[in-house]
Amino acid sequence: MKWLLPLVCVLLLGMKTADADVLTDVTVGTIYDTNVDGVYDGVSSFVTHLSASVMRPVDMDDSYLRFFFSGNGFLFFSNGDRTFATNRLGVDFAHDLNSGERDRIFAGFSLAARANRSIYDVYDYTGLAGYVQGKWYSNENTMKRVGYQLNWRSYLNLNVSRYVDHYAFFQINHFFPTRTTLRGDLGLGYKLREGAEGQMVLGLQVAQSLTDNTGLRVRYQRRINLRAANDDPTRFNALIYGDDDILKDRYDYSGDQITARLTQQLPLQVRIILEGGYERQSYKDDLARDVSGAVFPEGALREDEYLFFDVFLELPLTQRVTTEFGYGISRNFSNDEFYHYDRRQSVSFNLNVEF
């Protein structure tokens, strides 16, 4: 946390010396979570989120370049050792294709780091990330996307010789005259970490404009594990806010998920968002255990059923200042007693300022 603000200030001052606009975004928020660890006996806590981003855009003929820095800090009041910060420094690029502004290619590169306290320093890392994407219209009503992204990390306090995550995707969207959008997508992930893991993600999504100010989106998604690394099961009671977790990630399980999101635009740019979903997670390596960590005699693998419902109210105060209020409730029904919990609730408030 100590190095977050100085780095932002240095980058901001350095950019202001150049003859270009500098865009700054600062968010301060807090959340009260009744089960901050997401486990069977999780304690409640306030978590404060501080974030700042600085961006310098550069416009060129048929292209766009953006240099940016973003920093995030999470302060935990019930367990100060969980406080951590993440920073990213990078560049994004976009270029219009000959067929017009609607067809574009995108690329980007960034450096990242995370710093934690005490026993949670197992999450400390430095890393590199990059991506390349393209979108184009095959006809007036059909848009396609294809892309690839790479995420490499070096974990400073774990015996992990390598961590490389490759992900490629293809997406097709079709727009109907009824103001309906149908989207299908396919993603392929391949991660190297002591072994190799692969996963395919299939998605089908329907978005419908119900009125001029009301929109509904429903999505179904299926995760399919292609290859398992057979890593030793790891139990670590720390749900991570705002960052991926090497000890528990999307490659750990397969399953089905369905989500729905309703957005209502009100006068004065006020917006209400309702979202809920259900996901069934089948873990490929984790054996179900009791609260002490002992494996059950039948040797069943862990199975979770996760349900959630969130409501958000976005309330702009001025053109540059926006507030957001949120409430969420979730439940996780698991045959692993450690991860089984009921009625987890959260209340949040965020204040966002753009300069």
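One-based numbering along the sequence shown. These figures come from a predicted structure and were not determined experimentally.
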Q: Less than 4.5 Å apart, any side-chain heavy atom of Ser45 and any of Asp33?
A: no
Q: Donor-acceptor check, side chain of Thr34 to backbone of Gln345, threshold 3.5 angstrom: yes or no?
A: yes
Q: Is there a path of hydrophobic side-chain contacts, each under 4.5 Å between heavy atoms of I, L, V, M, F, W or Y residues, that connects Ile105 with Tyr131?
A: no
Q: Salt bridge check: are Arg302 and Asp304 linked by an N-O gap of less than 4.0 Å?
A: yes
Q: Show, in sequence, the C-alpha distance, side-chain angles and deciding distance for Phe74 and Phe84, and conclude whether the ring-ring contact (aromatic ring centres under 6.0 Å, His included) test is met.
A: CA-CA 6 Å; Phe74 292 85; Phe84 70 92; 5.1 Å; yes
Q: Following the transitive rule for hydrophobic clusters with a side-chain heavy-atom cut-off under 4.5 Å over Ile, Leu, Val, Met, Phe, Trp and Tyr, establish whether Val270 and Val311 coincide in one cluster.
A: yes
Q: Could you tell me whether Arg82 and Asp37 make a salt bridge, using a distance below 4.0 angstrom between a side-chain N and a carboxylate O?
A: yes
Q: Is there a side-chain contact between Thr214 and Leu262 in this structure, where contact means two heavy atoms from C-beta onward sitting under 4.5 Å apart?
A: yes
Q: Quick one: closest heavy-atom pair of Asn87 and Gly71, and the distance?
A: OD1-CA, 3.2 Å
Q: At their closest point, which heavy atom of Leu158 faces which heavy atom of Val122, and how far apart are they?
A: CD1-O, 3.4 Å
Q: Does Thr83 use its side chain to pair, donor to acceptor, with the backbone of Gly80 at less than 3.5 Å?
A: yes
Q: Might you point out which heavy atoms bring Thr178 and Gln208 nearest each other, and give the distance in Å?
A: O-NE2, 3.0 Å
Q: Is there a path from Tyr32 to Phe77 through hydrophobic residues (I, L, V, M, F, W, Y) whose side chains come within less than 4.5 Å of each other?
A: yes
Q: Could Lys191 and Glu197 be called an ion pair, given the rule that one side-chain N must be under 4.0 Å from one carboxylate O?
A: yes
Q: Report yes or no: does Asn332 contribute a side-chain atom to a donor-acceptor pair with the main-chain N or O of Tyr339 at less than 3.5 Å?
A: yes
Q: Test side chain to side chain donor-acceptor pair (under 3.5 Å) on Asp165 and Tyr251 and set out the steps.
A: CA-CA 10 Å; Asp165 190 354; Tyr251 291 96; 2.7 Å; yes
Q: Can you check side chain to side chain contact (heavy atoms under 4.5 Å, CB included) on Met143 and Ile172, steps first, answer last?
A: CA-CA 6 Å; Met143 182 187 74; Ile172 183 169; over 6 Å; no
Q: Taking atom CD as the centre, does Gln269 end up with more than 12 heavy-atom neighbours from other residues, nucleotides or ligands that are less than 6.0 angstrom away?
A: no
Q: Roughly how far, to the nearest 0.5 Å, is the CD1 atom of Ile258 from the CG atom of Leu204?
A: 10.0 Å
Q: Taking a hydrophobic cluster as the set of Ile, Leu, Val, Met, Phe, Trp and Tyr residues connected by side-chain heavy atoms closer than 4.5 Å, whether directly or through intermediates, do Leu75 and Val28 fall within one such cluster?
A: yes
Q: Check step by step if side chain to side chain donor-acceptor pair (under 3.5 Å) holds for Asp124 and Asn116.
A: CA-CA 6 Å; Asp124 288 0; Asn116 298 259; 2.8 Å; yes
Q: Can you confirm whether more than 12 heavy atoms, excluding those of Gln319, are under 6.0 Å from its CD atom?
A: no
Q: Quick one: closest heavy-atom pair of Leu287 and Asp336, and the distance?
A: O-OD2, 3.8 Å
Q: Could you give me the CA-CA distance, side-chain angles and deciding distance for Val291 and Phe338, then say whether side chain to side chain contact (heavy atoms under 4.5 Å, CB included) is met?
A: CA-CA 5 Å; Val291 294; Phe338 186 77; 5.6 Å; no
Q: So that I can tick it off, tell me whether Arg331 and Glu305 are bridged by a salt bridge, with the cut-off set at under 4.0 angstrom between side-chain N and carboxylate O.
A: no
Q: Where do Asp103 and Trp136 come nearest, in terms of heavy atoms and distance?
A: OD1-CA, 3.2 Å
Q: Do Gln171 and Asn173 pass the side chain to side chain donor-acceptor pair (under 3.5 Å) test, and can you show the C-alpha distance, the side-chain angles, and the key distance before you say yes or no?
A: CA-CA 7 Å; Gln171 177 190 122; Asn173 299 262; 2.8 Å; yes
Q: Does any N or O in the side chain of His95 come within less than 3.5 Å of the main-chain N or O of Asp62, such that one atom is a donor and the other an acceptor?
A: yes
Q: Backbone N or O of Ala300 within a donor-acceptor pair of the Asn335 side chain at under 3.5 Å?
A: no
Q: Got a donor-acceptor contact below 3.5 angstrom from the Arg344 side chain to the Asn35 backbone?
A: yes
Q: Name the orientation class of the two ring planes belonging to Tyr155 and Tyr163 (parallel below 30°, tilted from 30 to 60°, perpendicular beyond 60°).
A: perpendicular
Q: Out of curiosity, Ser118 OG to Asn79 CG, how far, rounded to the nearest 0.5 Å?
A: 8.0 Å
Q: Given side chains that start at C-beta, do those of Leu50 and Thr48 come closer than 4.5 Å, heavy atoms only?
A: yes
Q: So, Asn352 versus Thr322: side-chain donor-acceptor pair below 3.5 Å or not?
A: no
Q: So, applying ring pair (Phe, Tyr, Trp, His ring centres under 6.0 Å) with Phe349, which one of Phe312, Tyr327, Phe325, Phe46 is it?
A: Phe325
Q: Consider side chain to side chain donor-acceptor pair (under 3.5 Å). Of Glu324, Gln264, Glu314, which one does Arg271 pass it with?
A: Glu314
Q: For Arg320, is the CZ atom crowded, meaning more than 12 foreign heavy atoms sit under 6.0 Å from it?
A: no
Q: Rounded to the nearest 0.5 Å, what's the gap from CD on Glu275 to CZ on Phe309? Could you check?
A: 9.5 Å
Q: Can you name the closest pair of heavy atoms from Leu89 and Phe68 and give their distance?
A: CD1-O, 3.4 Å
Q: Given side chains that start at C-beta, do those of Ser330 and Tyr341 come closer than 4.5 Å, heavy atoms only?
A: yes
Q: Using 4.0 Å as the upper bound for N to carboxylate O, is an ion pair formed by Asp185 and Arg219?
A: yes
Q: Is it the case that one hydrophobic cluster holds both Phe76 and Val43, taking links as side-chain heavy atoms less than 4.5 Å apart, direct or via other members?
A: yes
Q: Quick check: does any side chain N or O of Gln221 sit under 3.5 Å from a backbone N or O of Thr259, one acting as donor and the other as acceptor?
A: no
Q: State whether the side chain of Gln133 and the backbone N or O of Val146 hold a donor-acceptor pair below 3.5 Å, judged by distance alone.
A: no
Q: What distance do Tyr283 atom OH and Ser334 atom OG have between them, rounded to the nearest 0.5 Å?
A: 7.5 Å
Q: Would you mind reporting whether Ser53 and Asp25 have side-chain heavy atoms less than 4.5 Å apart?
A: yes
Q: Should the pair Arg117 and Tyr120 be classed as cation-pi, given the thresholds of under 6.0 Å to the six-membered ring centre and 45° from the axis?
A: no
Q: Here's one to test your reading of the geometry: is the NZ or CZ of Arg250 within 45 degrees of the ring axis of Tyr167 and under 6.0 Å from its centre?
A: yes
Q: Is the side chain of His174 donor-acceptor paired with the backbone N or O of Leu182 at a distance under 3.5 Å, no angle test?
A: no
Q: Would you sort out whether Leu128 and Leu111 count as a side chain to side chain contact (heavy atoms under 4.5 Å, CB included), showing the intermediate values?
A: CA-CA 5 Å; Leu128 306 173; Leu111 308 173; 2.9 Å; yes
Q: Decide yes or no for Leu317 and Thr323: does some side-chain heavy atom of the first lie under 4.5 Å from some side-chain heavy atom of the second?
A: yes
Q: Are Arg114 and Tyr125 in a cation-pi contact, defined as NZ or CZ under 6.0 Å from the six-membered ring centre and within 45° of the axis?
A: no
Q: Below 4.5 Å, heavy atoms only, C-beta onward: do Ile224 and Arg222 meet side chain to side chain?
A: yes
Q: Nearest 0.5 Å please: distance from the OG1 atom of Thr263 over to the CD1 atom of Ile273.
A: 5.0 Å
Q: Does a side-chain heavy-atom distance below 4.5 Å link Thr86 with Arg88?
A: no
Q: Does Ser138 offer a backbone N or O that forms a donor-acceptor pair with the side chain of Lys144 under 3.5 Å?
A: no
